[in-house]
Amino acid sequence: FRSPESIRDAWERYKLYKPESLRSIERCKQHPYKMWIKKEDHILPLSSMMTLPEKCNYYEMPTQILPEIYVQNAALEIAKMSNIAKYDNVSGSGQGIIYYEFPGREGFDINDMDDWHIAENIMGGNLP
């Protein structure tokens with residue numbers, strides 16, 4: 001669902017900043033501070049396993065006041081081939097990664113059959 005214009009814009013951003021890599025991102029719809037981990041017969045907040053600036057119950061806060069969190073999607077990744085030999089990964093050191101935020105549907109990622117059905121509906125004009 002990526003547009004040629006967005007791919008060109010991301011490439012221009014990559015050339016301008018000359019980073020180790022560029023990843024496509026989108027804003028999280030479900031905030032990780034509101035996520036839980038099952039532990040035997042109870043659950044623990046995921047945030048209890050993170051190093052956070054201050055101790056508080058983030059899971060009780062309104063999502064609107066939590067920091068904006070982004071997740072990578074599969075829309076695009078641009079990277080230097082040398083990263084694999086130098087860092088043993090595609091992205092690089094972690095300090096030289098820039099982003100390109102793909103708007104709306106352009107970042108849509110197919111990971112399971114539900115996503116496949118949504119993509120079919122989008123392509124068939126059944127979803128806006």
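Scope of the values below: all heavy atoms of this structure, side chains included, with no hydrogens, waters or symmetry mates.
The main-chain N or O of Q64 is never found under 3.5 Å from a side-chain atom of H31 such that the two would form a donor-acceptor pair. Remark: the backbone N or O of A79 is not paired with any side-chain donor or acceptor of S21 at under 3.5 angstrom. S48 contributes a side-chain N or O that, together with a main-chain N or O of P45, makes up a donor-acceptor pair within less than 3.5 Å.
No path of Ile, Leu, Val, Met, Phe, Trp and Tyr side chains, each step under 4.5 Å between heavy atoms, connects Y14 with M81, placing them in separate hydrophobic clusters. Put simply, I118 and M123 are part of the same group of oily side chains (I, L, V, M, F, W, Y) that touch within less than 4.5 Å, one to the next. Taking hydrophobic clusters as Ile, Leu, Val, Met, Phe, Trp and Tyr residues chained together by side-chain heavy-atom distances below 4.5 Å, Y33 shares a cluster with L44. Follow the hydrophobic side-chain contacts under 4.5 Å out from L16 and you reach L76 in the same cluster. Both L46 and L66 belong to a common hydrophobic cluster when Ile, Leu, Val, Met, Phe, Trp and Tyr are linked at side-chain heavy-atom distances under 4.5 angstrom.
Shown here for N111 and D115, the closest heavy-atom pair between the two residues is N-OD2, 2.9 Å. Nearest heavy atom pair, residue P19 against residue G96, reads CB-O, 3.2 Å. Here the closest heavy-atom approach between residue D109 and residue A74 is recorded as OD1-CB, 3.3 Å.
Counting non-hydrogen atoms of neighbouring residues, nucleotides and ligands closer than 6.0 angstrom, the CD atom of E5 exceeds 12 such neighbours. Within 6.0 Å of CD in E60 there are more than 12 heavy atoms belonging to other residues, nucleotides or ligands.
Between the side chains of S93 and E20, a donor-acceptor pair is found at a separation under 3.5 Å.
Rounding to the nearest 0.5 angstrom, the gap separating the CD atom in E26 from the CG atom in N73 is 4.5 Å. Between T63 atom OG1 and K29 atom NZ the span is 14.0 Å, to the nearest 0.5 Å. The distance from the CG atom of D112 to the NE2 atom of H117 is 9.0 Å, given to the nearest 0.5 Å. Once rounded to the nearest 0.5 Å, the distance linking CD1 of I7 with CD of E12 reads 13.0 Å. Rounded to the nearest 0.5 Å, atoms CD1 (I69) and SG (C28) are 6.5 Å apart. We find the NZ-CG distance between K18 and L22 to be 14.0 Å, quoted to the nearest 0.5 Å.
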Audit row: Y70, E68, side-chain hydrogen bond (donor to acceptor under 3.5 Å, both in side chains) steps and yes/no: CA-CA 7 Å; Y70 293 82; E68 289 185 5; 2.8 Å; yes
Would Q72 and Y99 count as a side chain to side chain contact (heavy atoms under 4.5 Å, CB included) if you check the C-alpha gap in whole Å, the side-chain angles of each, and the deciding distance to 0.1 Å? CA-CA 9 Å; Q72 71 187 43; Y99 68 89; over 6 Å; no
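Taking the six-membered ring where tryptophan is involved, the planes of F102 and Y100 are perpendicular, since the angle between them exceeds 60° and thus also 30°.
Of the candidates N89, I84, V90, N89 is the only one forming a side-chain contact (heavy atoms from CB on, under 4.5 Å) with Y87.
Salt bridge annotation for E106-R2: absent, with no cationic side-chain nitrogen under 4.0 angstrom from a carboxylate oxygen.
For Y59, the ring-ring contact (aromatic ring centres under 6.0 Å, His included) partners two or more places apart in sequence, or in a different chain, are W36.
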